[in-house]
Asks: 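One structure follows; several queries about it will come next.
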4 protein chains.
Amino acid sequence: MKSKIKVSVVGGSGYTGIELLRLLISHPNIIIHQITSRHDAGKLVSDVHPSLRGSISHTYVDPAEAKLKEAELVFFATPNGIAMKHVKELLENGVKVIDLAADFRIQDVSIWEKWYEMKHEATDVLKKAIYGLPEVNRAAIKDAQLVANPGCYPTAIQLALVPLIKSNLINTETIIADAKSGISGAGKKTETPLLMSESSENFRAYGLTGHRHMPEIEENLKAITGSNKIKLTFIPHLIPMVRGIHATLYVDCIKDFDPSVIFNQYYNDELFVDVLEPGSCPETKSVRGSNLCRLSFYKIPDSNRLVVLSVIDNLVKGASGQAIQNMNIMMDWPESTGIDLSAIYP
Amino acid sequence: MKSKIKVSVVGGSGYTGIELLRLLISHPNIIIHQITSRHDAGKLVSDVHPSLRGSISHTYVDPAEAKLKEAELVFFATPNGIAMKHVKELLENGVKVIDLAADFRIQDVSIWEKWYEMKHEATDVLKKAIYGLPEVNRAAIKDAQLVANPGCYPTAIQLALVPLIKSNLINTETIIADAKSGISGAGKKTETPLLMSESSENFRAYGLTGHRHMPEIEENLKAITGSNKIKLTFIPHLIPMVRGIHATLYVDCIKDFDPSVIFNQYYNDELFVDVLEPGSCPETKSVRGSNLCRLSFYKIPDSNRLVVLSVIDNLVKGASGQAIQNMNIMMDWPESTGIDLSAIYP
Amino acid sequence: MKSKIKVSVVGGSGYTGIELLRLLISHPNIIIHQITSRHDAGKLVSDVHPSLRGSISHTYVDPAEAKLKEAELVFFATPNGIAMKHVKELLENGVKVIDLAADFRIQDVSIWEKWYEMKHEATDVLKKAIYGLPEVNRAAIKDAQLVANPGCYPTAIQLALVPLIKSNLINTETIIADAKSGISGAGKKTETPLLMSESSENFRAYGLTGHRHMPEIEENLKAITGSNKIKLTFIPHLIPMVRGIHATLYVDCIKDFDPSVIFNQYYNDELFVDVLEPGSCPETKSVRGSNLCRLSFYKIPDSNRLVVLSVIDNLVKGASGQAIQNMNIMMDWPESTGIDLSAIYP
Amino acid sequence: MKSKIKVSVVGGSGYTGIELLRLLISHPNIIIHQITSRHDAGKLVSDVHPSLRGSISHTYVDPAEAKLKEAELVFFATPNGIAMKHVKELLENGVKVIDLAADFRIQDVSIWEKWYEMKHEATDVLKKAIYGLPEVNRAAIKDAQLVANPGCYPTAIQLALVPLIKSNLINTETIIADAKSGISGAGKKTETPLLMSESSENFRAYGLTGHRHMPEIEENLKAITGSNKIKLTFIPHLIPMVRGIHATLYVDCIKDFDPSVIFNQYYNDELFVDVLEPGSCPETKSVRGSNLCRLSFYKIPDSNRLVVLSVIDNLVKGASGQAIQNMNIMMDWPESTGIDLSAIYP
């Protein structure tokens, strides 16, 4: 019998952190070694997250005292800009890393620095980072030491677009992504617009003039096509609910094709992408708590326009579930180990 | 001192009905004469709508026994297909009519019958109906005997598009309206998807293959332009909240222009359209309970694409508030009489 | 024609502040003179509260530069501890004051200082303060220069209890108030538990070991009875919604009586208390946006226990609406001036 | 290696049904044999419940054609009054039964018939039914052929009361249970008050004059004490959310004792009851999706009154999770098999 491996979690007090812990707790192949938190060091994890009482007995470790090298794999569920300070040393010690933040999602350093408004401190290891969208990059992830876990919007949007773009079926310069996210996507920040009194019974766009997930999507779609001809209009909106992303994509077809065939072929062997009947409407609640992306589409009659709908749980397939999926691939375990969860409904 | 006029409400038990009553109760120029309801005839209105206890003492009248001709103006807040049976007789008796349902929104009978799946029974009076979007049709509404109150989506979407289309600034055949509505837009129907357990913490598109508000929008935009070249991709979504519509419009500009100038000029004298700064994001909650439409827009850099955002309260500017605005215009009263309400926030 | 009076609002950027402004804007007898805000001084009120765009043109004044004495009446919608620094000077200049915070709600200084954890700086003017629950104290409010506007819970709870206590019908030492409030009651504070991600789809008690509204209720009930024998078990809970308080009261009857008679007699002439049929269940949504308290009750069979249910909108009858009701009484205007609003439903 | 047993589910289309399926799908010791539905016979389960797409391949079987006797254990997730028609035959064929409805929860037939307004058709097998609250009845459940799975409120309330009542520490005739439930507790019924437009942003009591869970609680507490001296004031309320029950219990102590000792002793070995620190406030969200009950309590100073707070997920510990816990006990499997789930947060 194969023994379990040790994994550690850096930054376990936010929403992706707690979701990662929920999933790791029931993962059969790992032992959680250490969980760090600058803010909550010394406290019981279950005191900070009462939902985990009885499931976890760890105490938060101060990042300065953490023994990350003792783990075989380390997850960073930290704010942007933290992982890049630690990854080099970990890689040099043979520790695998999955970063759930944005430090390694964009290879073009100047674009990254412009959008994230800080200096990138690990441009050398950045080159080794593999963008962790398994349905696109599985082979590379398998051999990766460092995986950049995709953003939530980029996951939902790219899964809707990649089969079309790879087959050269759409105009890649007129894509529209009208995306909507539950409020947990904004994290556990104490900001006025995230208060229940403000965001409940309310709907609005945000980041109209630019969102960091746009360059991430554009760069990775360019990498897939090998062309620079990608242009995305990306408008994110905030839904008055906690979990879930719904992306509505509008694309112009440049060929005649049956989207049903394209999507079903591309995702035929995928465990975590579910292609619905044409014209049906996937619900965010139908994937809540699960690692699934459900997709549908509809060709507008008498037109070359195709609408694609894509839903995920932003904290699972859009963050922590996908991180575990990446770990499973990196470790050569069955890809659904520990994340073979049905959605929780209603 | 001018005396008050009598108005009656046919079908006062749904959500547009109760909202109409809320607004009529405090309107200074009218007396509510009769309120009919097939289902609740004989009951106190305030027993059916406890929120109106103390504000209204009327008893629901059976439609068969209602004396609609005694009123100077009658509102129909009925399901589709009811008003068309009664309007002719009312008009012949000099009674003005505002229909909040869809019977008179589309002049093309064959299109109407296709989308509403019934025979139109008043094609003669249909010709006299004026589409009641005051910001477009004010002069005609002033002289109208019969006003077709616009649908909620069409109101939000047309207010965002009309200034652009009237000035020939955009390609009218590639318009995309990604629209989102609170659940009260679906009415007070006891259908499974409208249950709180289903629709709360959930987001989804619906009517992907066609929604009745699309032909309404297309016909009225054609009437404005005098051209047949209008094509709209319209995808409605359901927001997990009660009140509010958010329309996100994507249009292709065919000229260079400053949208700020266009929108501000067009709406300069309008009481109920508020043009925000470019790039800002209007919130549905900022218009909740009010008759306002708030608009914003953003030109995508290095592109001819313009994004326009438009929010209304679907039950007020999208239904009952606009009906009263139309009544005020028809009666030559100050247009904001009885609907000069600030939004209720939070 | 009587001219309008000037009123000013100190601290107009929180939720009671914005609700007070919404109501004052449409009040026919007043002009809003100045609105102060330490944090937002110099900004347009409508920039801070976009829901008021078009309704108000004021700019926030720095409190240090405000000319409060120019007003005939000043509202304090400030945090606790602010009003007590300014009231003396205002009263000496003949300015009437209504404090929506807690500075003057409790006459017993030692109790106040214990619960509010600060020194009371205006114990002399405190004696002149009248507790502004019109249904109990109307005569005194009429002549008051300084009114302490009650807390939200105390309003809902006292309106349910006072008729019973005044008539010596219940054991005043075994009262239980199981109260539930929407989250706007906690104000516009950026605290983690008030985030939508935390408080949505969640229900919990809070302040189990003590809440400041308990001594307020106890003191005022003692004042009514003239006895010290008041003991309240008060457990507040947080509802995953924005507006509304529901108080469920459990009392032990010491006499045989018909609660219907008692409540209807006591509230017979009251505009803002609506007594429902025994056994019915008032809904918070039926009073949302209105100044009403709706009450119901049920006598447990074969027992001396009576259950009383009471609902209000915490920001209206529980705060700003009641403040205007108090102003109307102090100014000898019709009591419902400016607050004769139907609830907004759904 | 022990082989898996076959279980069938009668009535798998409601909310307890779908939750039961979610949990059974990942239960390692069972195979789902048949799932019946009168309404959806012939349809794929995953077409009716899209959240289960990919997790389950069953087709709903018509109840008339179901081969229930082929299963080793049958769950009834049916409306009340169905199970009692089928249980006798199943028991005679050696099939174990767990009824999630109310048919076997109350032994006193006359009381059952009064509250459920129908004739009981299986009074003989009723006597064999064991009330399936494992923390009270584990030994009897172990040997049971027929388990009556408790109601959701009764589970939350009894877990809060039983340790106190068993130790004779409280007056059992003055108990108050102020209980609050998410709306999924009302099931998937298409009734107006359950619509999102009605129940969102709303809070109200219901069933003020009587709720069927009261006699269930009273009878079972009587069975525990062996005395008739149980009297409960039980007031249920509807929370504007989907999942979760919060019970606030008010009891009068008749002895001096440390509730912390009592609760911790009683639940020391229980896997699914979590006793929190005195004075803390358990949140419903901290148990969402899990089979846990979290409890807390607070002794009111200078009084003999104790407040106990208890939260569960009404669909898990309050229904389907507890049903599986009962199955595990009946089958002599580790009690947490398949239900060892952390809560999903946020």
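Source: prediction; values computed, not measured. Order of the sequence lines sets the chain letters (A, B, ...), proteins ahead of strands, with each chain counted from 1.
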Asks: Please flag which part of Pro282(C) lies under 4.5 Å from any non-hydrogen atom of chain D: side chain, backbone, both or neither.
Replies: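 For Pro282(C), backbone heavy atoms alone lie under 4.5 Å from chain D.
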Asks: So with a 6.0 Å cut-off around CG of Asp258(C), is the heavy-atom count from everything else above 12?
Replies: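 Yes - once you tally the heavy atoms of other residues, nucleotides and ligands closer than 6.0 Å, there are more than 12.
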Asks: Checking an interface table here. Which of residues 296-320 of chain C come within a heavy-atom distance under 4.5 Å of chain D?
Replies: Phe297(C), Tyr298(C), Ile300(C), Pro301(C), Asp302(C), Ser303(C), Arg305(C), Val307(C), Leu309(C)
Asks: Considering non-hydrogen atoms only, spot the tightest contact between Lys285(C) and Glu201(D) and give its length.
Replies: CE-O, 3.4 Å
Asks: With a 4.5 Å heavy-atom cut-off (strictly below), which parts of residues 221-231 of chain D touch chain C? List them by number.
Replies: Lys231(D)
Asks: What part of Ser280(C) gets within 4.5 angstrom of chain D, counting heavy atoms only: side chain, backbone, both, or neither?
Replies: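 Looking at Ser280(C), just its backbone touches chain D.
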Asks: Sort out for me which of Cys281(C), Ser286(C), Pro346(C) touches chain D most, counting heavy-atom pairs under 4.5 Å.
Replies: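 Sorted descending by pairs with chain D, the first entry is Cys281(C).
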Asks: Going by the rule side chain to side chain donor-acceptor pair (under 3.5 Å), which residues pair with Glu216(C) if we only count those two or more places apart in sequence or in a different chain?
Replies: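 In terms of side chain to side chain donor-acceptor pair (under 3.5 Å), with neighbours along the sequence ignored, Glu216(C) is linked to Tyr131(C).
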Asks: Considering all heavy atoms of both residues, which atom of Gly279(C) and which atom of Thr209(D) are nearest to each other, and what is their separation?
Replies: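 Closest approach of Gly279(C) to Thr209(D), heavy atoms only: CA-CG2, 4.2 Å.
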Asks: Who among Gly182(D), Gly210(D), Pro240(D) has the most heavy-atom pairs with chain C under 4.5 Å?
Replies: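 Most heavy-atom pairs under 4.5 Å with chain C: Pro240(D).
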Asks: Using the test salt bridge (charged side-chain N to carboxylate O under 4.0 Å, His left out), find all partners of Glu173(D) that sit at least two apart in sequence or belong to another chain.
Replies: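 Counting only residues at least two positions away or on another chain, Glu173(D) forms no salt bridge (charged side-chain N to carboxylate O under 4.0 Å, His left out).
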Asks: Return the minimal non-hydrogen interatomic distance between Tyr250(D) and Ala177(C), and the atom names on each side.
Replies: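 Answer, listing the atom of Tyr250(D) first, then Ala177(C): OH-O, 4.5 Å.
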Asks: With side-chain contact (heavy atoms from CB on, under 4.5 Å) as the test, would you mind laying out the steps for Thr248(C) and Lys180(D) before giving the verdict?
Replies: CA-CA 12 Å; Thr248(C) 311; Lys180(D) 301 91 173 173; over 6 Å; no
Asks: What residue, out of Thr174(D), Ile245(D), Leu238(D), Asn202(D), has the most heavy-atom pairs lying under 4.5 Å from chain C?
Replies: Asn202(D)
